[in-house]
Amino acid sequence: MPSTPQDPALASALKTLLTDRYSCRAYLAEPLARETIDAILQLAQRTASWCNSQPWQVIVTSAEATERLRQAFDSDEAAEDAAFDIAPPAEYRGVYQERRRECGFQLYESVGIVRGDREASARQAKENFRFFGAPHVALITTDALLGTYGAVDCGAYVGNFMLAARSLGAASIAQAAIASRAKFLHRWFDIPDDRQIVCGISFGYEDPSHPANRFRTTRATPDQACQWVD
């Protein structure tokens, strides 16, 4: 017998959140109430971590601070020394490349970009550096000495942050693209060298009328992702 009685409502609520959460790529300008952001942070702070180290440190921007960052981020100065603190994937191949392409093709199709239109696809890619119009950004950093597993713990935090946001009526998108300009961000926020930028999360209220928010990526089945051993 399970030590804790099963509550079907909990599983149902989690399923709803996991199903409803998606990578939002267009936002309304209206900022979230500070109380809502504080509630998201409180929930995400419950994330499990190795030895309870809780390596994440989070910088959250108000709507005004986000706009200042947006203007500076979408500039030649921010792009000229682009680099990650944590090495990005060396290569996407096989099924990982297939899934990446599917996501890209779905996005381009949703916003009317024809395959091969490099100018239009470049414009859409620049939306990453405008945070898709989101009024808030959460920048996630980890202690460099904690290495890969510190970043893994931060990844768990990112997932819980996005679920918490969804539970409170907000939308979000985790963005490695933000981390690609780590040097600029270290200067902008005065982040010490012993911390590494993992990713950013753009968040706010979704724009339901924007076509980029209407497509959903597919998921592998458990049988494709898991191996059962008796």
Side-chain angles (χ1 to χ4, degrees), residues 21-25 47-50 53 55-59 73-74 76-109 113 115-132 137-162 172-189 191-202 212 215-227:
R21 188 218 62 81
Y22 71 101
S23 294
C24 179
R25 291 180 172 87
T47 299
S49 59
W50 190 333
S53 57
W56 49 83
Q57 288 290 310
V58 188
I59 297 170
F73 208 62
D74 189 20
D76 292 339
E77 177 190 357
E80 66 185 6
D81 59 352
F84 288 88
D85 280 343
I86 299 172
E91 179 185 3
Y92 288 91
R93 59 184 176 183
V95 69
Y96 311 118
Q97 176 73 320
E98 292 171 12
R99 292 167 183 165
R100 184 170 185 257
R101 285 175 172 167
E102 178 194 39
C103 180
F105 290 153
Q106 285 181 303
L107 172 59
Y108 291 159
E109 183 179 1
I113 297 175
R115 290 191 190 185
D117 188 342
R118 294 188 177 182
E119 183 177 345
S121 60
R123 284 197 304 271
Q124 178 60 41
K126 285 191 70 175
E127 286 299 306
N128 281 280
F129 302 107
R130 296 189 63 260
F131 319 128
F132 301 104
V137 172
L139 188 65
I140 315 300
T141 73
T142 185
D143 188 312
L145 290 177
L146 294 180
T148 299
Y149 287 101
V152 168
D153 288 340
C154 288
Y157 177 91
V158 169
N160 286 338
F161 183 105
M162 294 190 293
S172 62
I173 181 171
Q175 292 185 258
I178 293 177
S180 73
R181 295 184 172 175
K183 291 183 179 180
F184 172 81
L185 290 168
H186 275 273
R187 295 194 300 269
W188 185 266
F189 289 112
I191 299 170
D193 292 340
D194 63 356
R195 296 207 66 82
Q196 295 177 319
I197 296 170
V198 178
C199 69
I201 306 172
S202 295
F215 81 92
R216 297 291 183 272
T217 52
T218 60
R219 290 293 185 271
T221 65
D223 288 343
Q224 292 172 309
C226 304
Q227 178 183 358

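Along the sequence shown, residues carry numbers from 1.
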Do the non-hydrogen side-chain atoms of [X] and [Y] ever get within less than 4.5 Å of each other?
{"X": "W56", "Y": "T47", "answer": "yes"}
{"X": "C24", "Y": "F132", "answer": "no"}
{"X": "S180", "Y": "P88", "answer": "no"}

Hey, is the main chain of [Y] close enough, under 3.5 Å, to the side chain of [X] for a donor-acceptor pair?
{"X": "N160", "Y": "Y157", "answer": "no"}
{"X": "E102", "Y": "T217", "answer": "no"}
{"X": "D85", "Y": "I197", "answer": "yes"}

For [X], salt bridge (charged side-chain N to carboxylate O under 4.0 Å, His left out) partners two or more places apart:
{"X": "R187", "result": "D81"}
{"X": "K183", "result": "none"}
{"X": "R99", "result": "none"}

Sorted by chain and residue number, the side chain to side chain contact (heavy atoms under 4.5 Å, CB included) partners of S23 (sequence neighbours excluded) come out as R21, R25, I173
Residues at least two apart in sequence or cross-chain that pass side chain to side chain contact (heavy atoms under 4.5 Å, CB included) with A120, listed by chain then number, are I113, D117, R123
Centre of F105's six-membered ring, under 6.0 Å away, within 45 degrees of the axis: is that where NZ or CZ of R115 sits? yes
Please assess W50 against L146 for the test side chain to side chain contact (heavy atoms under 4.5 Å, CB included), listing each intermediate value before the final yes or no. CA-CA 10 Å; W50 190 333; L146 294 180; over 6 Å; no
Could you please spell out the steps behind the side chain to side chain contact (heavy atoms under 4.5 Å, CB included) verdict for R181 and F73?
CA-CA 8 Å; R181 295 184 172 175; F73 208 62; 3.7 Å; yes
Nearest-0.5 Å distance, [atom1] of residue [X] to [atom2] of residue [Y]:
{"X": "F84", "Y": "C199", "atom1": "CZ", "atom2": "SG", "answer": "10.5 Å"}
{"X": "R195", "Y": "T142", "atom1": "CZ", "atom2": "OG1", "answer": "6.0 Å"}
{"X": "C154", "Y": "Y149", "atom1": "SG", "atom2": "OH", "answer": "14.5 Å"}
{"X": "L185", "Y": "I59", "atom1": "CG", "atom2": "CD1", "answer": "8.0 Å"}
{"X": "E98", "Y": "T218", "atom1": "CD", "atom2": "OG1", "answer": "10.5 Å"}

> Would E127 and R130 satisfy salt bridge (charged side-chain N to carboxylate O under 4.0 Å, His left out), going step by step from the backbone distance to the final call?
Replying inline: CA-CA 5 Å; E127 286 299 306; R130 296 189 63 260; 3.2 Å; yes
Ignoring hydrogens, what is the shortest heavy-atom contact between [X] and [Y]? Give both atom names and the distance.
{"X": "I178", "Y": "G200", "value": "CD1-CA, 3.9 Å"}
{"X": "E80", "Y": "E77", "value": "CG-O, 3.3 Å"}
{"X": "F161", "Y": "A138", "value": "CZ-CB, 4.0 Å"}

I would like to know whether Q224 and V95 meet side chain to side chain contact (heavy atoms under 4.5 Å, CB included); could you show each step before the answer? CA-CA 11 Å; Q224 292 172 309; V95 69; over 6 Å; no
With sequence neighbours left out, the residues meeting ring-ring contact (aromatic ring centres under 6.0 Å, His included) with Y92 are none
Notebook entry, point to check: Under 3.5 Å, is there a donor-acceptor pair between the Q175 and S202 side chains?
Noted result: yes
Worksheet item: Does atom CD of Q97 have more than 12 heavy-atom neighbours, drawn from other residues, nucleotides or ligands, at distances under 6.0 Å?
Response: yes
Any chance you could lay out the side chain to side chain contact (heavy atoms under 4.5 Å, CB included) test for D194 and L145, step after step, and finish with the verdict?
-> CA-CA 8 Å; D194 63 356; L145 290 177; over 6 Å; no
